[in-house]
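Here is the structure we will look at.
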2 protein chains.
Amino acid sequence: MTLTDLRYLVALARERHFGHAAERCNVSQPTLSVAIKKLEEELAVTLFERSAADVKITDIGARIVAQAEKVLLEAGQIKELATAGRDPLSGPLKLGVIYTIGPYLLPHLIPRVHAAAPSMPLLIQENYTARLAESLKRGDLDVIVVALPFEEPGIVTQAVYDEPFRVLLPAGHGWESEERIPASRLAEAPLLLLGAGNCFRDQVLEACPLCRPGEGLQRTLEGSSLETIRHMVATGAGITVLPSTAADALPGGNSLLTVRPFTTPEPFRRVALAWRVTYPRSGAIDVIRAAILDSPLAGVKPVGSPGRLG
Amino acid sequence: MTLTDLRYLVALARERHFGHAAERCNVSQPTLSVAIKKLEEELAVTLFERSAADVKITDIGARIVAQAEKVLLEAGQIKELATAGRDPLSGPLKLGVIYTIGPYLLPHLIPRVHAAAPSMPLLIQENYTARLAESLKRGDLDVIVVALPFEEPGIVTQAVYDEPFRVLLPAGHGWESEERIPASRLAEAPLLLLGAGNCFRDQVLEACPLCRPGEGLQRTLEGSSLETIRHMVATGAGITVLPSTAADALPGGNSLLTVRPFTTPEPFRRVALAWRVTYPRSGAIDVIRAAILDSPLAGVKPVGSPGRLG
DNA sequence: CCCATGTATAGTTAAAGCCTATCGCCATCG
DNA sequence: CGATGGCGATAGGCTTTAACTATACATGGG
């Protein structure tokens with residue numbers, strides 16, 4: 001029993017004439033005749049009473065035809081589902097973002113994605129890089145926004161923008177007079193850092209090789225956020241390093257805080273999109289990337305498409 | 001897209017492993033692999049994300065699988081319908097009976113059929129032979145009970161029993177002293193007959209060649225019934241001829257009426273079943289025939305199966 | 001009794017469905 | 001870092017099937 005057989009069956013039930021039904025199905029009369037016969041044999045019931053005068057459907061035949069129509073209807077729904085789902089911009093996209101990007105990117109990103117792809121709602125999760133990577137591989141997420149380096153088997157990564165780091169000082173700090181701060185001097189200060197697991201912490205430490213967590217006056221804030229650290233800096237608990245998108249987007253005229261760039265070469269992090277190589281909705285990823293680049297992110301430099309990294 | 005494809009699809013969605021899904025479908029892994037690929041091409045959507053680690057179903061894939069399951073479920077219902085409908089004794093049987101048999105046969109027939117085939121309700125229609133024949137050919141009836149001769153193209157007829165005719169006299173009639181009445185004498189009497197269209201009328205006239213409707217004292221009762229005629233005989237309006245099943249089943253001890261057989265050779269009519277040659281539920285017909293023969297019909301002689309007439 | 005109509009059958013061909021064998025990819029492990 | 005093993009994709013060949021054309025067969029009507 002195939003869907004074709006059922007189509008023949010329904011056509012014959014409608015036409016009550018093998019020739020006409022065959023014509024309607026664009027097949028020859030013997031084709032339809034044989035198909036119906038086979039179907040009757042398979043089901044071991046007589047579906048039609050044939051006679052020279054006309055074709056009559058049996059009682060059981062009528063019931064089976066009704067059911068066959070239901071089957072064909074449901075099968076047709078599959079095609080419709082496929083047509084509707086063919087657009088990569090239709091259906092929800094599960095997006096993951098690391099903690100140190102989410103708060104500064106998402107307010108810009110979300111409305112832009114919604115404008116570009118209204119029927120693609122974003123399901124957003126913020127987490128550490130490692131957790132996001134896991135979810136991505138499991139399929140709980142479709143795309144993630146992370147900082148490089150990020151390499152996972154089966155995952156492709158595409159750099160989107162670089163963002164420089166900034167030094168955040170409490171108002172009145174001695175370094176306020178400096179235009180730019182050399183990274184090496186961070187070792188001198190009480191540096192507030194995020195806890196382990198935040199990639200940004202590692203990147204700051206990498207930018208300032210002399211800083212060693214646990215040594216000197218640096219303090220690590222486990223399970224905290226850049227926002228918390230910023231408030232601590234404002235209270236004079238120390239200084240910190242922020243990505244430009246977090247530092248430059250300070251509420252205008254915050255007199256308690258001062259932002260200073262690093263001396264060149266500025267330390268920076270490269271932010272990238274990542275997804276499974278097998279992920280089929282590349283169009284959706286393009287929309288995300290475009291929306292990120294369209295966002296007014298302070299201090300960032302877009303990384304051209306040639307800069308795609310594997 | 002075939003039902004087989006959908007089965008593969010559902011299996012793969014369940015197993016998330018081409019090899020295992022193939023095994024469950026009793027096909028080789030390449031077979032399933034190719035089938036899924038073709039399905040994806042046909043629908044122009046990616047249903048699964050394949051990777052070395054595992055197989056993930058896409059969002060749209062999951063929706064299509066759900067729909068495919070619905071299709072397969074409905075298709076399975078067809079088989080169940082067929083199985084249920086395979087029994088010829090299941091489902092209603094549309095039975096037609098001529099007016100001059102129905103009242104005497106059906107009270108016996110119906111309970112017997114119900115006992116033999118409880119799931120085969122009888123839908124009964126009483127009418128003239130010509131009307132029954134028309135309905136039978138149209139398919140509005142499945143089987144009819146008529147008196148022979150009855151020949152129609154595409155219709156097979158099987159004799160079931162012969163029933164002799166009887167003379168019905170009002171009590172006190174001059175012929176009451178006779179044990180048997182010769183058919184020829186009917187011409188002498190005021191003979192009450194059914195109207196044209198009732199085959200029994202023609203059979204009586206055939207049995208009594210000297211009787212001519214409209215001549216002598218015979219009266220024709222258009223649109224009437226044997227019961228009405230019987231009551232008229234009881235009031236002395238004339239005499240009549242009845243089939244034995246109608247005559248001998250008189251309410252016991254009806255002192256107003258007298259029944260007399262004809263002299264041999266008794267005139268009789270042959271009652272038969274008829275159905276379309278194409279009618280598939282021969283088992284149902286057998287039940288009807290058996291139920292008729294099992295009925296206590298006064299005076300009838302069963303016609304052996306060899307007596308089947310074309 | 002032949003003809004018209006309609007379905008079933010025969011015979012053939014093209015396609016499809018399936019199998020075995022093998023490739024290629026990737027992740028894991030010694 | 002190369003070997004290994006699991007897994008899906010691909011290739012080639014075979015069998016089945018579904019389609020066609022031509023024709024036989026059945027039946028009701030002129």
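Lettering follows sequence order; numbering is per chain, from 1. Being a predicted model, the structure only gives us computed values, none of them experimental. Side chains included, hydrogens not; waters and symmetry mates left out as well; all remaining heavy atoms used.
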Check your understanding: Given Leu39(B), which of Leu47(B), Thr2(B), Val34(B) fulfils the side-chain contact (heavy atoms from CB on, under 4.5 Å) condition?
Key -> Leu47(B)
Review point. Arg7(A) has an atom CZ; how far is it from atom P of dA19(D), in whole Å?
Key: 10 Å
**Study point:** Under 4.0 angstrom between Arg50(A) side-chain N/O and dA8(C) OP1 or OP2
**Key:** yes
Study note, to complete from the structure: Sorted by position of nearest nucleotide on DNA chain C, 5' first, the leading residue of Pro30(B) and Leu12(A) is Leu12(A)
**Study point:** Candidate nucleotides dG28(D), dA8(C), dG8(D), ranked by approach to the side chain of Pro153(B) - the nearest
**Key:** dG28(D)
Point to revise | Toward the 5' end of DNA chain D, by each residue's nearest nucleotide, Val277(B) or His20(B) | key: His20(B)
Check your understanding: Is the shortest side-chain N/O distance from Ser33(A) to OP1 or OP2 of dT7(C) below 4.0 Å?
Key -> no
Study note, to complete from the structure: Side-chain contact check for His17(A): nearest option of dC18(C), dG6(C), dT10(D) is dG6(C)
Review point. Expressed in angstrom and rounded to an integer, what is the separation of Glu151(B) atom CD from dT27(D) atom P?
Key: 15 Å
Review point. Separation of Glu15(B) atom CD from dG6(D) atom C1', in whole Å?
Key: 16 Å
Review point. Any side-chain N or O of Lys37(A) less than 4.0 Å from the OP1 or OP2 oxygen of dT7(C)?
Key: no
Point to revise | Residue Tyr8(B), side-chain heavy atoms: nucleotide from dC18(C), dG8(D), dT9(C) that is nearest | key: dC18(C)
Review point. With a 4.0 Å cut-off on heavy atoms, is Asp5(B) in touch with a base, just the backbone sugar-phosphate, or nothing at all?
Key: nothing
Practice item. With the side chain of Ser28(B) defined as its heavy atoms from C-beta on, choose the nearest nucleotide among dT20(C), dA8(C), dT21(D). Key: dT20(C)
Exercise for review: Evaluate the salt bridge (Lys or Arg N to Asp or Glu O under 4.0 Å) criterion for residues Asp5(A) and Arg7(A): first the C-alpha distance (whole Å), next the side-chain angles of each, then the deciding distance (0.1 Å), finally the verdict.
Suggested key: CA-CA 5 Å; Asp5(A) 292 336; Arg7(A) 271 185 279 271; over 6 Å; no
Practice item. Begin from the C-alpha positions of Glu42(A) and Lys37(A) and carry the test salt bridge (Lys or Arg N to Asp or Glu O under 4.0 Å) through to its verdict. Key: CA-CA 9 Å; Glu42(A) 179 180 347; Lys37(A) 183 176 185 150; over 6 Å; no
Review point. Taking the side chain of Phe18(B) as heavy atoms from C-beta outward, which of dA8(C), dC19(C), dG8(D) is closest to it?
Key: dG8(D)
Review point. Out of curiosity, Ile144(B) CD1 to Glu126(B) CD, how far, rounded to the nearest 0.5 Å?
Key: 13.5 Å
Study note, to complete from the structure: Gln29(B) atom CD is separated from dC19(C) atom P, nearest whole Å, by 11 Å
Check your understanding: Separation of Leu32(A) atom CG from dT9(C) atom P, in whole Å?
Key -> 14 Å
Practice item. State, with a plain yes or no, whether a side-chain heavy atom of Leu132(B) is found less than 4.5 Å away from one of Leu141(B). Key: yes
Check your understanding: Can you check the Ile36(B) CD1 to dG8(D) C1' distance for me, whole Å?
Key -> 12 Å
Review point. Taking OP1 and OP2 of dC19(C), is either one under 4.0 Å from a side-chain nitrogen or oxygen of Thr31(B)?
Key: yes
Study note, to complete from the structure: When rounded to whole Å, the CD to C1' distance for the pair Glu23(A) and dA19(D) reads 17 Å
Review point. Taking the nucleotide of DNA chain C with the closest heavy atom to each, which residue, Thr2(B) or Gly154(A), is nearer the 5' end?
Key: Thr2(B)
Review point. Pairs in or reaching into residues 154-163 of chain B: which pass salt bridge (Lys or Arg N to Asp or Glu O under 4.0 Å), with residues at least two apart or in two chains?
Key: Asp162(B)-Arg270(B), Glu163(B)-Arg269(B)
Practice item. Tell me which residues in residues 38-49 of chain B put a heavy atom below 4.0 Å from DNA chain C, sorted by number, or none. Key: Lys38(B)
Check your understanding: Between Glu49(B) and Arg281(A), does a salt bridge (Lys or Arg N to Asp or Glu O under 4.0 Å) hold up when you go through it step by step?
Key -> CA-CA 11 Å; Glu49(B) 287 185 47; Arg281(A) 292 168 64 186; over 6 Å; no
Exercise for review: Just compare dA22(D), dT20(C), dT7(C) and give me whichever is closest to any side-chain atom of Val55(A).
Suggested key: dT7(C)
Check your understanding: Between Lys56(B) (NZ) and dC7(D) (C1'), how many Å, whole number?
Key -> 14 Å
Check your understanding: Given dC19(C), dC20(D), dT20(C), which nucleotide is nearest the side-chain atoms of Val27(B)?
Key -> dC19(C)
Review point. Does Arg138(A) pair with Glu152(A) as a salt bridge, N-O distance under 4.0 Å?
Key: no
